[in-house]
There are 2 protein chains.
Amino acid sequence: MTIDPTKTDLKKNYTSQDVAAIAGVSQSTVSRVFAGNTNVSEKKRKKILAAAAKLDYKPNAHARSLITRKTMMIGIVMRNIRNPFYSAVLEIFHNRLSARGYHLIFINSENEEIQESEITQLLEYNVEGVIITDALLSSSASQKFKRYGITVVLFNRYTEHLESSAVFCDNYLAAKQIAAYLVEMGHKSFAFVSGPSDTSTTIDRLKGFKEVLDDRKIKDLTIEPGNYTFESGYRAAQELMTRNKNIDCIFCGNDIIALGVMDAIRTIGLRIPEDVSVVGFDNIRMSEWPSYALTTWEQPLEEMVDSAVELMIKEINEKDAPMQVVMMKGHLVVRNSVRSRK
Amino acid sequence: MTIDPTKTDLKKNYTSQDVAAIAGVSQSTVSRVFAGNTNVSEKKRKKILAAAAKLDYKPNAHARSLITRKTMMIGIVMRNIRNPFYSAVLEIFHNRLSARGYHLIFINSENEEIQESEITQLLEYNVEGVIITDALLSSSASQKFKRYGITVVLFNRYTEHLESSAVFCDNYLAAKQIAAYLVEMGHKSFAFVSGPSDTSTTIDRLKGFKEVLDDRKIKDLTIEPGNYTFESGYRAAQELMTRNKNIDCIFCGNDIIALGVMDAIRTIGLRIPEDVSVVGFDNIRMSEWPSYALTTWEQPLEEMVDSAVELMIKEINEKDAPMQVVMMKGHLVVRNSVRSRK
DNA sequence: TTTGAAAATGATTACGTATTCATGACAATA
DNA sequence: TATTGTCATGAATACGTAATCATTTTCAAA
């Protein structure tokens, strides 16, 4: 077999040693140019950069992190990346963190066991911090990370004992305002299609919603379990509407459920909002599509991410920084899925 | 300030040396237990595992990768993670690769410059391979990676000179079949809402579509540019339908465009499929939602990812493995957005 | 010209692991 | 018994960098 000179052959990975040799300086000086960039004469710097370019030299991040103890890597743990809300979350986190030089190790899984083992591996990579958006994992995982002194920020949820910093929307208050709004609009028979019952978001949203109805002595509330997917919303609405034909409004645990609910209602032959009002939660992009025009609660996503990033970076840099819990408000976005029944 | 014993203090990161000291063995033996797992007596293994558990020891992946020259990290470069098609792509890639022990470094950006600089950083992390699903970056980025001997697999696109392995759907053939189908159904006036005109997917889909119409001497084809978003589909359809009221079918560059097209058409007051037929491409989950019931082309996503993963791992392990281009078929999924006009 | 502080540089070491090499223990074989 | 061969083990080394420390150079002020 002959060597084909036209084929770009696989180059050795050159090191700062190699560069130093060519530039006629010590490895130390090469390192200074690529890392601190301090105290190097212009003359040598040029020589070094020329030599580096010649060899296509690039520093080795692993060797570097070994000694600096900074990996510039952050883990992000998700469930349901297919939910558009989380796609957006991922995108924004990536924007913000990459702008600050961090890299994202992405973890997503339906399967809890796989996730646990992956988290262990994440530890071995010495990520500097972890963002957790997964309800089912928050508690055990965050403890595991804390044991190794790794910063954890929970996003869109919190744990009961507040062991980690967390950023989320005030779901309780939001649900109260939504309930009040629906009552004002003259609705009489309420339904709530929930997410998984063990998540803080579901608990708080239900609590707020229920509280307002209780205050007003309204008993007519049906709760239907869902799991934050279109299909679960679709099934829930089918179930609800066949069982109780009086329901005139449905509050949904999130937007994607709401879309499923709307499609189910329409399939049955009822109209939105003429026959039934629907309210969602999240304000994902699809909720403003003309086919749905969903009235929903907007979470201040960008601000929430910004806040989470600030918290994270602060805690990374000052290991004894206090844990913080940030709760944001958001607001109702009125479109065309709710109608006054007075 | 006194030390609070209830507070779990930040532990030092223990090393294999520390474990060795406690277990009364050499560092080498500890390493053998956690890496190769070979040739260690049961007695010492137990001692070592006990010591490791006591210290919460975990190996350091960076130190390890420095010497093994395996990082077990793979980069995935995307644009538009908000497009549900790519959310799904990301999810499936993560499933498959994490099952094989790889970790995913996620890169997504609207901004090309940021992406370029991130790619440079990716190199410094010595990812073993990179999956590129970004049309605008494929060529320059893949060359950059190849220069360092890093495996590149393009997904859902290919470069003209076929410098990298690639997996994609036979867009040309698919578009031909879609065109033939629409012609068979008796349509007379055609429109195509494209993606960005410099992407291989757009080019091939348009080519196939046009070719069939040309063959049948059909001249009535309007091409409207889009960019693979809902909004661009919406605008395109508004434009199309006001300019040319005869159009009786629209082939869309992807599903998300098609959904926008459908909503625009309905907003105008026309019905689908009674007045206008619409066909999409990708078969994302939303296309089967009752509100849309979109007839579309299904890309065999799981198989495509499987294939890409196989290619990647093969090329990683055998550096001189031949480059490969895999083209898959897919099939038409008929729902309720196309109607016979005979 | 001398002095002295600041800047530039290189030798050396540490980061935490896997691997290589040499040695010793021990069982199996002739 | 002598001889192989296998297994278990530890000492030493390499991976590629940043940081520390000591030394040399530079250059302006006296």
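Because the structure is a prediction, the values reported are computed rather than measured.
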### Task
Could you tell me whether the side chains of B/His103 and A/Glu124 share a donor-acceptor contact shorter than 3.5 Å?
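There is no such pair between these side chains.
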
Taking the side chain of [X] as heavy atoms from C-beta outward, which of [options] is closest to it?
{"X": "A/Ser16", "options": "D/dT17, C/dA11, C/dT17", "result": "D/dT17"}
{"X": "A/Arg64", "options": "D/dT17, C/dT17, C/dT9", "result": "D/dT17"}
{"X": "B/Gln27", "options": "C/dT9, D/dG16, D/dA12", "result": "D/dA12"}
{"X": "B/Ser41", "options": "D/dG10, D/dT9, C/dA18", "result": "D/dT9"}

Would you kindly check whether a donor in the side chain of [X] faces an acceptor in the base of [N], or vice versa, at under 3.5 angstrom?
{"X": "B/Arg69", "N": "D/dG16", "value": "no"}
{"X": "B/Glu42", "N": "D/dA8", "value": "no"}
{"X": "B/Ser28", "N": "D/dA11", "value": "yes"}

### Task
Using heavy atoms to find the nearest nucleotide of DNA chain D for B/Val25 and B/Ala63 separately, return the residue whose nucleotide is more 5′.
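This one resolves to B/Val25.
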
### Message
With a 4.5 Å cut-off on side-chain heavy atoms, are B/Asn126 and B/Tyr148 touching?
### Response
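When only atoms from C-beta onward are counted, B/Asn126 and B/Tyr148 do not touch, as no gap falls below 4.5 Å.
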
Rounded to whole angstroms, how far apart are [atom1] on [X] and [atom2] on [N]?
{"X": "B/Ile48", "N": "D/dA8", "atom1": "CD1", "atom2": "C1'", "answer": "11 Å"}
{"X": "B/Tyr14", "N": "C/dC15", "atom1": "OH", "atom2": "C1'", "answer": "17 Å"}
{"X": "A/Lys70", "N": "C/dC15", "atom1": "NZ", "atom2": "P", "answer": "19 Å"}
{"X": "A/Gln17", "N": "C/dA11", "atom1": "CD", "atom2": "P", "answer": "11 Å"}
{"X": "B/Asp18", "N": "C/dA14", "atom1": "CG", "atom2": "P", "answer": "15 Å"}
{"X": "B/Leu66", "N": "D/dC15", "atom1": "CG", "atom2": "C1'", "answer": "4 Å"}
{"X": "A/Phe34", "N": "D/dA19", "atom1": "CZ", "atom2": "C1'", "answer": "18 Å"}
{"X": "A/Asn126", "N": "D/dT17", "atom1": "CG", "atom2": "P", "answer": "19 Å"}

### Message
Using the rule side-chain contact (heavy atoms from CB on, under 4.5 Å), only one of A/Leu122, A/Ile316, A/Thr151, A/Val309 pairs with A/Ile74; which is it?
### Response
A/Ile316

### Message
Check this for me, if you would: do A/Arg100 and A/Glu310 make a salt bridge, where the nitrogen-to-carboxylate-oxygen distance has to be below 4.0 angstrom?
### Response
yes

### Task
Inspect the contact between A/Lys146 and A/Glu163 and indicate whether a charged nitrogen and a carboxylate oxygen are less than 4.0 angstrom apart.
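So A/Glu163 does not pair with A/Lys146 through a salt bridge.
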
side-chain N/O [X] vs [N] OP1/OP2, d < 4.0 Å:
{"X": "B/Lys44", "N": "D/dC7", "answer": "no"}
{"X": "B/Thr15", "N": "C/dG16", "answer": "no"}
{"X": "A/Asn39", "N": "C/dA8", "answer": "yes"}
{"X": "B/Tyr57", "N": "C/dT17", "answer": "yes"}

### Query
Which of parallel (below 30°), tilted (30 to 60°) and perpendicular (above 60°) describes A/Phe106 and B/Phe106?
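Rings of A/Phe106 and B/Phe106: tilted, as their planes differ by 30° to 60°.
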
### Task
Select base, sugar-phosphate, or nothing to describe what A/Lys43 touches, counting heavy atoms under 4.0 Å on all strands.
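Nothing, no nucleic acid heavy atom in range.
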
